[in-house]
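Any value given below was found using the heavy atoms of this structure, including those in side chains, with hydrogens, waters and symmetry copies removed. For reference, positions follow the sequence shown, starting with 1.
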Amino acid sequence: MKALVLSGGMGLRLRPFSHSMPKQLMPLANKPVLLHVIEQLRSLGVTEIGIVVGDRPERIAELFGDGSEFGVRLTYIAQDAPRGLAHAVAIARDFLGDDDFVMYLGDNLLPEGVDDIAADFRVRRPAAQLVVHRVADPRAFGVAEVDDGGRVLRLVEKPEQPVSDLAVVGVYFFTAAIHEAVAAVESSARGELEITDAIQWLVTEGAEVRARVYSGYWKDAGQIDDVLACNRELLDRLKPSVNGEVDAHSELIGAVVVEEGARIVRSRITGPAVVGAGAVVEGSSIGPHTSIGEGCRLLGVQLSDSIVLERASVQGVQSVRSSIIGREASVNAVDAEGSHRLIVGDHARVEVAA
């Protein structure tokens, strides 16, 4: 089985960060979302992965190369514009051949994994197998109507009156039958080839389409608050590890990871939290659910429930929470009092006043 990972899209909901990087490179617990996806696929035994790339594909290629460092083989497939999930399947036809494959949206987080669902697909080999998740309000999702045996009867996109509470998650398993379906459907009203239409075509033609429920944590890390929520979820699974330097005047409480080359000086860190390689945290108080990226410098800071990306500098700012500070950004306090939620893009220079 191969994999097709979708890493195109404009990332409009994740601005300003998506101005300078694909949204799939946003770090969660100090690892890009896309790396979490690749690791999930590798756990399924899938090593041949095609990545559909859109804007700034070189950023993804620079980070992941040919995939050998991560135990996989990567093929990059260029998509000139976001034209729908079914369009991504169509342009990946040469890569996919007639092999079974799993299609995975590159900004989806499913930390419990779908190993059992993949195993079921390998045994049954329906034309398509959808991963679904029970949600409180299905109106914002594609919804599957499923019979008692798990067979999909109908798919409805964002229904006003949902036929079930089974939202379609961004993970799909397909045989080569999907290619005929993709070729048969036309663009939707929004000008995209919809994978929902292609799957519904299979259902209408009498092909076997099944659904399996994923009951673990699931979120699309496509906007600021969702990124922070995903970061919290992954940090809650953290196991403590100290490979950097922690001086005698510092205190680590709970699950804290201090990566190699990092230095903690006269600071308190309350986990779950991670401090990236080569980072310096000095005279600071770092609260739970905080990820500090590689090479960051934090001096005299109070920070919690936040993500600080690589090589950012934060100095003298107090009571920062639920914030994201971009790569190589610089944040300095003019007045150290007050409470702050900061959304600071890459390379920005910001002075914070109360």
Side-chain angles (χ1 to χ4, degrees), residues 2-44 46-96 101-111 170-172 192 195 219-224 226-227 230-231 234 276-277 291 293-295 307 309-312 324 326-329 345-347:
K2 292 179 179 176
L4 186 66
V5 177
L6 276 56
S7 294
M10 302 300 293
L12 300 179
R13 298 177 299 156
L14 203 53
R15 290 180 174 173
F17 305 101
S18 56
H19 284 307
S20 54
M21 66 174 172
K23 61 180 179 177
Q24 295 82 8
L25 297 187
M26 177 62 74
L28 303 175
N30 274 13
K31 288 197 299 190
V33 182
L34 187 53
L35 181 52
H36 290 285
V37 170
I38 289 172
E39 289 177 346
Q40 286 289 329
L41 292 171
R42 195 178 59 206
S43 78
L44 302 180
V46 177
T47 57
E48 289 281 353
I49 302 174
I51 300 183
V52 177
V53 292
D55 193 27
R56 295 180 301 279
E58 69 283 351
R59 294 291 302 273
I60 294 175
E62 286 170 4
L63 183 59
F64 292 102
D66 64 2
S68 57
E69 180 183 348
F70 308 97
V72 297
R73 292 183 293 275
L74 298 180
T75 298
Y76 297 98
I77 302 162
Q79 187 179 38
D80 60 348
R83 301 185 188 278
L85 306 190
H87 179 261
V89 174
I91 64 174
R93 185 69 174 90
D94 289 345
F95 166 75
L96 295 168
F101 68 99
V102 52
M103 183 169 76
Y104 208 123
L105 303 192
D107 57 1
N108 269 222
L109 183 71
L110 293 83
V171 181
Y172 311 78
E192 296 189 2
I195 199 66
K219 193 170 284 290
D220 165 6
Q223 52 190 344
I224 298 296
D226 291 335
V227 166
C230 289
N231 193 60
L234 290 176
S291 297
E294 177 180 332
I307 300 173
L309 279 70
E310 300 98 301
R311 298 176 298 283
I324 303 180
R327 290 175 172 84
E328 299 184 31
D346 290 357
H347 308 287

Undergrad: Applying side chain to side chain contact (heavy atoms under 4.5 Å, CB included), name anything that partners A90, two or more places apart in sequence or on another chain.
TA: V182

Undergrad: Closest approach of A78 and I91, non-hydrogen atoms and distance?
TA: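 Looks like O-CD1, 3.6 Å.
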
Undergrad: What's the verdict on side-chain contact (heavy atoms from CB on, under 4.5 Å) for L41 and V72, showing C-alpha distance, side-chain angles and the deciding distance?
TA: CA-CA 9 Å; L41 292 171; V72 297; over 6 Å; no

Undergrad: Looking only at heavy atoms, which two atoms of G106 and Q24 are closest? And how far apart?
TA: O-CG, 3.4 Å

Undergrad: How close do P27 and I307 get, heavy atom to heavy atom, and via which atoms?
TA: O-CD1, 3.8 Å

Undergrad: If we ignore hydrogens and angles and just use 3.5 Å, is the side chain of Y172 paired with the main-chain N or O of F101 as donor and acceptor?
TA: no

Undergrad: Got a sec, which residues hit side chain to side chain contact (heavy atoms under 4.5 Å, CB included) with N108, two or more places apart in sequence or on another chain?
TA: Y104, L105, L110, V169, W218, D220

Undergrad: Starting from the C-alpha separation in whole Å, work towards a yes-or-no answer on side-chain contact (heavy atoms from CB on, under 4.5 Å) for I38 and V5.
TA: CA-CA 9 Å; I38 289 172; V5 177; 5.7 Å; no

Undergrad: How many angstroms lie between CD in Q223 and CE in M26, if you round to the nearest 0.5 Å?
TA: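 Here the rounded value is 12.0 Å.
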
Undergrad: Quick one: SG on C230 to NE2 on H36, what's the gap to the nearest 0.5 Å?
TA: 9.0 Å

Undergrad: Tell me every residue that passes ring-ring contact (aromatic ring centres under 6.0 Å, His included) with F70, counting only those two or more places apart in sequence or in another chain.
TA: F64

Undergrad: E48: which residues meet the salt bridge (Lys or Arg N to Asp or Glu O under 4.0 Å) condition with it, sequence neighbours left out?
TA: R73

Undergrad: Tell me, please, which residues at least two apart from N231 pass side-chain hydrogen bond (donor to acceptor under 3.5 Å, both in side chains).
TA: S291

Undergrad: Applying side-chain hydrogen bond (donor to acceptor under 3.5 Å, both in side chains), can you list everything that pairs with K219, at least two apart in sequence or on another chain?
TA: none

Undergrad: Can you name the nearest heavy-atom pair linking L309 to G326, along with the distance?
TA: CB-C, 3.8 Å

Undergrad: Only counting residues at least two apart or in another chain, list the ones meeting side-chain hydrogen bond (donor to acceptor under 3.5 Å, both in side chains) with E328.
TA: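 With sequence neighbours excluded, E328 shows a side-chain hydrogen bond (donor to acceptor under 3.5 Å, both in side chains) to R311, given in chain and number order.
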
Undergrad: Between atom CD of E192 and atom CG of L85, what is the distance when rounded to the nearest 0.5 Å?
TA: 7.5 Å

Undergrad: Where do G71 and T47 come nearest, in terms of heavy atoms and distance?
TA: O-CG2, 3.7 Å

Undergrad: Check side chain to side chain contact (heavy atoms under 4.5 Å, CB included) between R83 and all other residues, then give those that pass, not counting sequence neighbours.
TA: Q79, D80, A81, H87

Undergrad: Could you state the interatomic distance from CG (L34) to CD1 (I49), rounded to the nearest 0.5 Å?
TA: 8.5 Å

Undergrad: Does atom CD (E58) have a neighbourhood of more than 12 heavy atoms from anything else shown, all under 6.0 Å?
TA: yes

Undergrad: Residues in side chain to side chain contact (heavy atoms under 4.5 Å, CB included) with L63, at least two apart?
TA: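 Partners of L63 by the side chain to side chain contact (heavy atoms under 4.5 Å, CB included) criterion, ordered by chain and then number, come out as L25, P32.
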
Undergrad: According to side-chain hydrogen bond (donor to acceptor under 3.5 Å, both in side chains), who are the partners of R93, at least two apart in sequence or on a separate chain?
TA: D98

Undergrad: Please find the pair of heavy atoms, one from L4 and one from A92, that lie closest to each other, and give the distance.
TA: CD1-CB, 3.6 Å

Undergrad: Does any pair with a residue in residues 24-37 pass salt bridge (Lys or Arg N to Asp or Glu O under 4.0 Å), and if so which ones, sequence neighbours excluded?
TA: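 Those involving residues 24-37 are K31-E39.
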
